[in-house]
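Read the structure below first, then the notes.
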Amino acid sequence: MKKIEAVIRHYKLEDVKNALTQAGIQGMTVTEVRGFGRQRGHKETYRGAEYTVDFLPKVKLEIVIDDAEVAKAIQTITNVARTGQIGDGKIFVTNLADVIRIRTGETGPGAI
């Protein structure tokens with residue numbers, strides 16, 4: 001089992017969600033986050049004063065998935081979230097030792 005965390009642009013969320021659903025991948029957690037990478041923020045002007053916005057708003061998707069579906073999920077997210085511009089985001093994949101469904105106590109891939 002793997003946990004996929006994808007940090008993407010806000011306006012790509014619905015497209016990514018719909019594409020993952022069509023690919024047969026269901027269940028995700030979405031969190032609004034702020035951060036920066038190579039993009040380093042941007043400058044804005046407010047009432048004539050220029051200031052730098054360091055932390056940019058993004059959306060983080062978290063998906064727990066069986067090993068067999070990881071490549072499909074990553075390919076789907078990458079294809080749909082890509083704009084070709086700096087700031088498209090990142091995908092992180094980590095191994096999970098176990099998953100437990102609280103309602104039934106079921107563990108392992110069956111609990112996903």
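Quick note: numbers below take in every heavy atom, side chains included, and nothing from hydrogens, waters or symmetry partners. Residues: numbered from 1 along the sequence shown.
Glu5 contributes atom CD, which lies 10.0 Å from atom OG1 of Thr29 (distance to the nearest 0.5 angstrom). Atom OG1 of Thr83 is separated from atom NZ of Lys12 by 6.5 Å, given to the nearest 0.5 angstrom. In this structure, CG on Asp15 lies 13.0 Å from CZ on Arg9, to the nearest 0.5 angstrom.
Although no hydrogens or angles enter the test, the distance criterion places no donor-acceptor pair under 3.5 Å between the side chain of Asp88 and the main chain of Arg82. Judged by distance alone, the side chain of Asp67 and the main-chain N or O of Met1 form a donor-acceptor pair under 3.5 Å. A donor-acceptor pair is defined here as one N or O able to donate and one able to accept, closer than 3.5 Å; such a pair exists between the side chain of Asp98 and the backbone of Gly108.
Through direct or relayed side-chain contacts under 4.5 Å between Ile, Leu, Val, Met, Phe, Trp and Tyr, Ile25 connects to Ile4, Ile8, Leu13, Val16, Leu20, Met28, Val30, Val59, Leu61, Ile63, Ile65, Val70, Ile74, Ile77, Val80, Ile91, Val93.
More than 12 non-hydrogen atoms from other residues, nucleotides or ligands lie less than 6.0 angstrom from NZ of Lys72. Heavy atoms from other residues, nucleotides or ligands lying under 6.0 Å from CZ of Arg101 number more than 12. The number of heavy-atom neighbours closer than 6.0 Å to CD of Glu62, taken from other residues, nucleotides and ligands shown, is above 12.
Residue pairs meeting the salt bridge (Lys or Arg N to Asp or Glu O under 4.0 Å) criterion with at least one member in residues 16-34, sequence neighbours excluded, are Glu14-Lys17.
Applying the side-chain hydrogen bond (donor to acceptor under 3.5 Å, both in side chains) test to Asn79 and every residue at least two apart in sequence or in another chain returns Gln75.
A heavy-atom distance below 4.5 Å is found between the side chains of Lys2 and Asn95.
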